[in-house]
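I have placed the structure first, in the form of structure tokens, so that the comments after it can refer back to it.
Because the structure is predicted, anything quoted here is derived from the model rather than measured. Keep in mind that the numbers below use all heavy atoms, side chains included, and drop hydrogens, waters and symmetry copies. Index from 1, following the sequence.
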Amino acid sequence: LHQITQQPPVATQTQAVQVQSSPLELISQLGGGIWAVDVQEQIAYVGVGPRLWVLDTRSNELKVLGQSEVLSGKVRGVEVRDNYAYVATFYPVDDLVILDISNPVQPRRIGQLNPPDCGGALNLRLEGDLVYLACYHGLWIVDVSDPQAPVTLGHLELGMSATFFSLDVQAGYAYLADEYQGLFVVD
């Protein structure tokens with residue numbers, strides 16, 4: 001485990017920035033308080049409060065195709081592969097929820113896991129058959145080869161409350177970005 005913290009550089013002089021016009025245009029907006037989105041083939045899977053919404057993004061309007069049941073907590077992370085959405089929820093139970101999205105009109109819960117001492121999931125990454133679940137108290141690694149029966153393979157409790165808003169996994173290392181405590185690298 002490595003922790004990297006650094007104070008941000010202090011600006012000593014003001015620089016003028018010229019903004020040029022851009023061909024970018026806002027074409028649609030949905031709600032507020034959204035923490036998670038994954039898009040596959042122009043279908044967006046969006047965490048809206050305690051639900052996963054499925055949206056068609058093929059036109060200039062967001063068309064709601066369907067939504068999940070109310071999940072156990074606010075959706076904080078989502079990754080989609082094949083016919084499954086892997087969802088990290090924050091509080092109170094079922095920190096990892098797996099939904100069958102083969103029928104986007106009616107996403108259906110097929111699996112869940114509430115790792116002990118997780119304290120609420122903040123984000124997740126799906127790598128092969130493993131979900132790396134960034135929790136309030138550390139990192140959990142979960143085998144999801146059977147989406148109906150996820151199994152915890154191991155975890156690292158960091159002994160503190162964390163706010164891991166970003167997580168990535170590369171070459172066997174997990175990188176967790178914490179709002180207040182810096183970057184954690186886990187082997």
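- Here Ser102 contributes atom OG and Tyr84 contributes atom OH; the two are 7.5 Å apart, rounded to the nearest 0.5 Å.
- Pairs engaging residues 107-122 under the salt bridge (Lys or Arg N to Asp or Glu O under 4.0 Å) rule: Glu69-Arg109, Asp94-Arg109, Asp100-Arg108 [sequence neighbours left out].
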Under 3.5 Å, side-chain donor or acceptor atoms of residues 120-135 against the rest of the protein: list the pairs with distances, not counting sequence neighbours.
unit_1, atom_1, unit_2, atom_2, d
Asn123, ND2, Phe165, O, 3.0
Arg125, NE, Leu167, O, 2.9
Arg125, NH1, Glu79, OE2, 2.9
Arg125, NH2, Leu167, O, 3.1

Quiz prompt | Pair Leu65-Leu55, side-chain contact (heavy atoms from CB on, under 4.5 Å): steps then yes or no | solution = CA-CA 5 Å; Leu65 297 176; Leu55 307 172; over 6 Å; no
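- Using a 30° and 60° split on the angle between ring planes, His155 and Trp140 fall in the parallel class, below 30°.
- Taking the side chain to side chain contact (heavy atoms under 4.5 Å, CB included) definition, one finds that Pro50 meets it with Val70, sequence neighbours left out.
- Linking ILVMFWY residues whenever their side-chain heavy atoms come closer than 4.5 Å, directly or via other members, leaves Leu113 and Val97 in distinct clusters.
- Contact between Pro147 and Tyr86 at its shortest, heavy atoms only, is CG-OH, 4.2 Å.
- Residues forming a salt bridge (Lys or Arg N to Asp or Glu O under 4.0 Å) with Arg76 (at least two apart in sequence, or on another chain): none.
- Nearest heavy atom pair, residue Gln112 against residue Pro150, reads O-CG, 3.6 Å.
- Remark: side-chain polar atoms of Ser166 are not paired, donor with acceptor, to backbone N or O of Ala177 under 3.5 angstrom.
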Quiz item: Do Leu52 and Leu99 pass the side-chain contact (heavy atoms from CB on, under 4.5 Å) test, and can you show the C-alpha distance, the side-chain angles, and the key distance before you say yes or no?
Solution: CA-CA 9 Å; Leu52 184 72; Leu99 300 170; 3.6 Å; yes
Exercise. Quick one: do Val54 and Val64 satisfy side-chain contact (heavy atoms from CB on, under 4.5 Å)? Show the steps, please.
Key: CA-CA 6 Å; Val54 183; Val64 177; over 6 Å; no
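- The hydrophobic clustering, which links ILVMFWY residues whose side-chain heavy atoms are closer than 4.5 Å, places Val46 and Val78 apart.
- Annotation: the span from Phe90 atom CZ to Cys118 atom SG amounts to 9.0 Å, rounded to 0.5 Å.
- By the 4.5 Å heavy-atom criterion applied to side chains, Val48 and Val75 are not counted as neighbours.
- The 12-atom threshold is not exceeded at CD of Gln106, counting heavy atoms of other residues, nucleotides or ligands nearer than 6.0 Å.
- Cluster annotation: Val151 and Leu156 are assigned to distinct hydrophobic clusters (Ile/Leu/Val/Met/Phe/Trp/Tyr, side-chain heavy-atom contacts under 4.5 Å, transitive).
- Of all heavy-atom pairs between Pro107 and Pro104, the closest is CD-O, 3.6 Å.
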Exercise. List the steps and the verdict of side-chain contact (heavy atoms from CB on, under 4.5 Å) for Leu96 and Val142.
Key: CA-CA 9 Å; Leu96 173 62; Val142 180; 3.9 Å; yes
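- The heavy-atom pair separating Ile34 from Gly47 by the smallest distance is CG2-O, 3.3 Å.
- Taking each heavy atom of Ala174 and Leu139 in turn, the nearest pair found is CB-CD2, 3.7 Å.
- Identified under the disulfide (SG to SG under 2.5 Å) test for residues 42-75, with sequence neighbours left out: none.
- The hydrophobic clustering, which links ILVMFWY residues whose side-chain heavy atoms are closer than 4.5 Å, places Ile101 and Ile43 together.
- Of the possible polar contacts, one joining the Asp178 side chain to the Tyr180 backbone as a donor-acceptor pair under 3.5 Å is found.
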Can you list, pair by pair, the side-chain donor-acceptor contacts under 3.5 Å of residues 35-42, counting residues two or more places apart and other chains?
unit_1, atom_1, unit_2, atom_2, d
Asp38, OD1, Gln40, NE2, 3.4
Asp38, OD2, Val80, N, 2.7

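- A distance-only check finds no donor-acceptor pair linking the side chain of Thr152 to the backbone of Gly154 [under 3.5 Å].
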